[in-house]
2 protein chains.
Amino acid sequence: MHSEIIMPQQFEERARVMKAMAHASRLMIIDELSRGERCVCDLQELVGYDMSTVSKHLAVLKKAGLVEDERRGKQVYYRLKVPCILNFFHCIESVVEANKR
Amino acid sequence: MHSEIIMPQQFEERARVMKAMAHASRLMIIDELSRGERCVCDLQELVGYDMSTVSKHLAVLKKAGLVEDERRGKQVYYRLKVPCILNFFHCIESVVEANKR
DNA sequence: TCATCATTTGACAATAATACCAAATAAACT
DNA sequence: AGTTTATTTGGTATTATTGTCAAATGATGA
């Protein structure tokens, strides 16, 4: 399927980070974390999917370097590691709005 | 697979736009278009995949509202419709760099 | 009109992503 | 130690994405 083409690594790496953001639940999580750290249980209530699903979404964000976690007692708290991604939402929103016309 | 949960539409829409960007070839195309309009043939040479593959990537970007196209003679030229997405690359790059440590 | 060049579309195979359930870990409390 | 609560991991079914080839479309020029 894939004829081994050298795709400059830089773009592959960027794509990996972008891909981690490119999901409604994960965008929702990022948005929530912009207001402070949250435990997995908070986030699972927010997005409404199974706890294991939410945990996997968080693992994706963590692997991409977008969030970090800390266990405190029984709970694991996640927080946003890269606030600059929030600036982007204005731009994305402008695209969404423009598309509506 | 999907227990019909109401995921605020806003995040779905944002995800659709983000998803359109979240691919190495498409990021490469966006980067190239930031330097001016290009025909499909230029872009296919750049990314190195089959012309039909590149055409489909462009269709994805167009559908997301990120690029616009114009046919001039035999060729179709694409240009970036939303330059603000470029600002984001600095942020993404900082994540990529941080991940390397 | 016919041939050619540039691009898009359709059909399809391969791979990746997503969500669930069940089981495994981890910490705290009895 | 055993129980409870919070989270992660493994297995698996479903769906989405990606890329190729072949055929279709569009515009130009002989």
Side-chain angles (χ1 to χ4, degrees), chain A residues 1-7 11-13 15-30 32-33 37-64 66-79, chain B residues 1-7 11-13 15-30 32-33 37-64 66-79:
Chain A
M1 159 201 189
H2 193 135
S3 34
E4 255 352 288
I5 271 156
I6 311 105
M7 175 71 62
F11 293 104
E12 293 287 0
E13 283 163 350
R16 218 174 300 135
V17 177
M18 298 275 319
K19 227 176 266 206
M21 300 181 61
H23 187 283
S25 300
R26 293 197 293 266
L27 287 178
M28 215 170 172
I29 289 171
I30 289 171
E32 182 67 12
L33 293 182
E37 65 173 16
R38 299 284 187 274
C39 68
V40 183
C41 53
D42 291 336
L43 297 169
Q44 102 92 180
E45 193 171 356
L46 176 78
V47 310
Y49 284 115
D50 195 274
M51 173 81 89
S52 68
T53 301
V54 174
S55 178
K56 275 172 191 174
H57 280 308
L58 288 165
V60 169
L61 291 173
K62 185 180 169 185
K63 188 159 176 240
L66 295 169
V67 303
E68 56 192 0
D69 61 340
E70 184 191 349
R71 181 177 272 273
R72 287 209 297 278
K74 274 187 288 192
Q75 295 172 318
V76 177
Y77 287 85
Y78 280 84
R79 48 179 172 267
Chain B
M1 161 202 188
H2 192 138
S3 36
E4 254 356 289
I5 270 156
I6 311 105
M7 176 69 65
F11 293 105
E12 294 287 359
E13 282 162 350
R16 219 174 300 135
V17 176
M18 297 276 319
K19 228 176 266 208
M21 300 180 61
H23 187 282
S25 299
R26 294 197 292 268
L27 287 178
M28 215 171 174
I29 290 171
I30 288 170
E32 181 67 13
L33 293 183
E37 64 173 17
R38 298 284 187 272
C39 68
V40 183
C41 52
D42 290 335
L43 297 170
Q44 104 90 180
E45 192 171 357
L46 176 77
V47 309
Y49 283 114
D50 195 274
M51 172 83 89
S52 69
T53 301
V54 173
S55 178
K56 275 172 191 174
H57 280 309
L58 287 165
V60 169
L61 292 172
K62 185 181 168 185
K63 187 156 176 246
L66 295 170
V67 304
E68 56 191 0
D69 61 341
E70 184 189 349
R71 180 176 271 272
R72 286 207 299 277
K74 275 187 288 194
Q75 294 171 319
V76 177
Y77 287 85
Y78 280 84
R79 48 179 173 269

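So you know, we letter chains A, B, ... as the sequences are listed, proteins then strands, and number each from 1.
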Round to a whole Å and report the spacing from [atom1] of [X] to [atom2] of [N].
X       : N      : atom1 : atom2 : value
B:Arg38 : C:dA6  : CZ    : C1'   : 18 Å
A:Glu45 : D:dT7  : CD    : C1'   : 16 Å
A:Arg16 : D:dT17 : CZ    : C1'   : 17 Å
A:Lys74 : D:dA6  : NZ    : P     : 6 Å
B:Asp50 : C:dC12 : CG    : C1'   : 14 Å
B:His23 : C:dA16 : NE2   : P     : 11 Å
A:Asp42 : D:dA6  : CG    : P     : 11 Å
A:Gln44 : D:dA6  : CD    : P     : 11 Å

**Asked** Hey, which of B:Leu58, B:Ile29, B:Val17 is the one that makes side-chain contact (heavy atoms from CB on, under 4.5 Å) with B:Leu66?
**Response**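 With B:Leu66 as partner, B:Leu58, B:Ile29, B:Val17 yield a single side-chain contact (heavy atoms from CB on, under 4.5 Å), made by B:Val17.
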OP1, OP2 of [N] versus side-chain N and O of [X]: anything below 4.0 Å?
X       : N      : value
B:Ser52 : D:dT20 : no
A:Thr53 : C:dC20 : yes
B:Arg71 : C:dT8  : no
A:His57 : C:dA17 : no

**Prompt:** Where the side chain of B:Arg26 is concerned, which of D:dA6, D:dT18, D:dC21 is the nearest nucleotide?
**Reply:**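 So the side chain of B:Arg26 is nearest to D:dT18.
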Contact class for [X] (heavy atom, under 4.0 Å): base, sugar-phosphate, or nothing?
X       : answer
A:Tyr78 : sugar-phosphate
B:Lys56 : base
B:Arg72 : nothing

Please check this pair: side chain of [X] against backbone of [Y], looking for a donor-acceptor N/O pair closer than 3.5 Å.
X       : Y       : value
B:Arg26 : B:Lys19 : yes
A:Arg71 : A:Gly73 : yes
B:Glu70 : B:Val76 : no

**Message:** Looking at B:Glu45, I want to see if its CD is surrounded by more than 12 non-hydrogen atoms of other residues, nucleotides or ligands under 6.0 Å.
**Reply:**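 At most 12 heavy atoms, drawn from other residues, nucleotides or ligands, come within 6.0 Å of this atom.
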